[in-house]
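Before I ask anything, let me first share the structure, which is written out below as structure tokens.
Keep in mind it's a predicted model, so treat the numbers as computed, not measured. In what follows, every chain begins at residue 1, and chains take the letters A, B, ... in the order their sequences are listed.
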2 protein chains.
Amino acid sequence: MQQTTTTSFRKLCAEHGIAVTHQRQVLYEVMHGMEGHPSPEEVYAKVKKKVPAISLATVYKNIHLFVESGIFRKMSMHHGSVRVEMNSEAHHHMVCSRCKAITDIGEEELGLAPSRNKLPGGFLVERYSVDVIGLCEKCQQA
Amino acid sequence: MQQTTTTSFRKLCAEHGIAVTHQRQVLYEVMHGMEGHPSPEEVYAKVKKKVPAISLATVYKNIHLFVESGIFRKMSMHHGSVRVEMNSEAHHHMVCSRCKAITDIGEEELGLAPSRNKLPGGFLVERYSVDVIGLCEKCQQA
DNA sequence: TAAAAGATGATAAAAGTTATCCTTCAATAA
DNA sequence: TTATTGAAGGATAACTTTTATCATCTTTTA
Ligand SMILES: [Mn+2]
Ligand SMILES: [Mn+2]
Ligand SMILES: [Zn+2]
Ligand SMILES: [Zn+2]
């Protein structure tokens, strides 16, 4: 089983053209086994139990690497700072995955019909916030 | 006109039960006139031109105040740190506006039909990321 | 107009992230 | 298998964003 895991991680790395290291493998396995949407600090705390000498910088570097190579993805666009919305119209956002430009798009233009107002688990809907991830026109050319 | 603006800001403050200060008024007017989704630093830079002595802390405090009192809103949920997604299924998120708990919800469960793949401005859609903002069951009781 | 409550400004501190630099390790070829 | 070389890791400084603290000043209200 250990052998199998190791082998499949080697394969994953080969597919993505990244080197296999012990830290990377443990990090991958720990992250893979985590529920929800952990922060880098939470990942670090868990990995440290298996590789006590690991550095927080290594965790950050490899989280980025995993995200860039498509092994995992970011939960949502994370802007360095909080952003305020002054447009009070009901609208959503187009986010360019390359240049990170954010453009408003009206609810009708987007053509989204939020149906339910109660969701599984008894969650009561207040509003929907849709980020459309994709490429802006400029970035499609480049 | 200046008089009118001042009067309407006083009214807005009264409605939201917050005190009227010079800094607050200038901040509100500057933010109201800004395009897009500025960061606190960008707001600070602009306000400083009109009130050179204003402190960055005041800008932060009042942005929070404006958001809490519903005058403006946050562009999107901003978590203190980057969050990684290990669930590779196509899914979206229910975000509790009170306790900030994030729960996965499958695409079908949500009942969302993303139709177009080209949007205004030539934006090419890669994927949709929907945050449903609302109250989780626990927070509805409290 | 005076007292109380609240807001501001300066600045320290905390939290999150990135950069630097030296050491160690993994990939590759001899 | 071993030597070489580029890549990766570890320690830590530095940077960015945000919050906390506290003395001073301004609004509110009575
Ligand atoms: Mn917007
Ligand atoms: Mn998720
Ligand atoms: Zn772009
Ligand atoms: Zn909740």
Exercise for review: For A/Lys61 and D/dA11, give me the distance from atom NZ to atom P, rounded to whole Å.
Suggested key: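 After rounding, the reported distance stands at 11 Å.
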Check your understanding: Given A/His91, which of A/Glu107, A/Glu85, A/Glu109, A/Glu108 fulfils the side-chain hydrogen bond (donor to acceptor under 3.5 Å, both in side chains) condition?
Key ->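 With A/His91 as partner, side-chain hydrogen bond (donor to acceptor under 3.5 Å, both in side chains) holds for just one option, A/Glu85.
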Point to revise | Helical bend (five base pairs per end, nearest 10°) for the helix from C/dT1-D/dA30 to C/dA30-D/dT1 | key: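 End axes: 40° apart.
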Check your understanding: Regarding A/Arg83 and A/Ser81, is there a side-chain donor-to-acceptor distance under 3.5 Å anywhere?
Key ->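 There is such a pair (donor and acceptor under 3.5 Å, judged by atom type) between the side chains of A/Arg83 and A/Ser81.
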Between the protein and nucleotides 2-8 of chain D, list the N/O to N/O atom pairs that are separated by less than 3.5 angstrom.
from	atom 1	to	atom 2	distance (Å)
D/dA8	OP1	A/Arg24	NH1	3.3

Exercise for review: Please answer: with hydrophobic residues joined when any side-chain heavy atoms are less than 4.5 Å apart, are A/Val20 and A/Ile63 in the same cluster?
Suggested key: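 Result: yes, single cluster for both.
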Point to revise | Any B/Arg10 side-chain N or O less than 4.0 Å from OP1/OP2 of D/dT27 | key: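 No, B/Arg10 has no side-chain N/O under 4.0 Å of OP1/OP2 on D/dT27.
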**Study point:** Rounded distance (Å) that lies between atom P of D/dT18 and atom OH of B/Tyr60
**Key:**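 In whole Å, D/dT18 P lies 3 Å from B/Tyr60 OH.
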Review point. When the aromatic ring centroids of B/His37 and A/His79 are compared, is their separation below 6.0 Å?
Key: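 No: the rings miss the under 6.0 Å criterion.
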Review point. With a non-hydrogen cut-off below 4.0 angstrom, is B/Leu56 in contact with a base, only sugar-phosphate, or nothing?
Key: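 Since a base atom lies under 4.0 Å of B/Leu56, the category is base.
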Review point. Looking only at side-chain N and O atoms, does A/His79 come under 4.0 Å of OP1 or OP2 in D/dT17?
Key: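 It does not, given that no N or O in the side chain of A/His79 lies less than 4.0 Å from OP1 or OP2 of D/dT17.
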**Study point:** Covered region of DNA chain C, 5' end to 3' end, by chain B [heavy atoms, under 4.0 Å]
**Key:**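 The protein-touched segment is C/dA7 to C/dT17.
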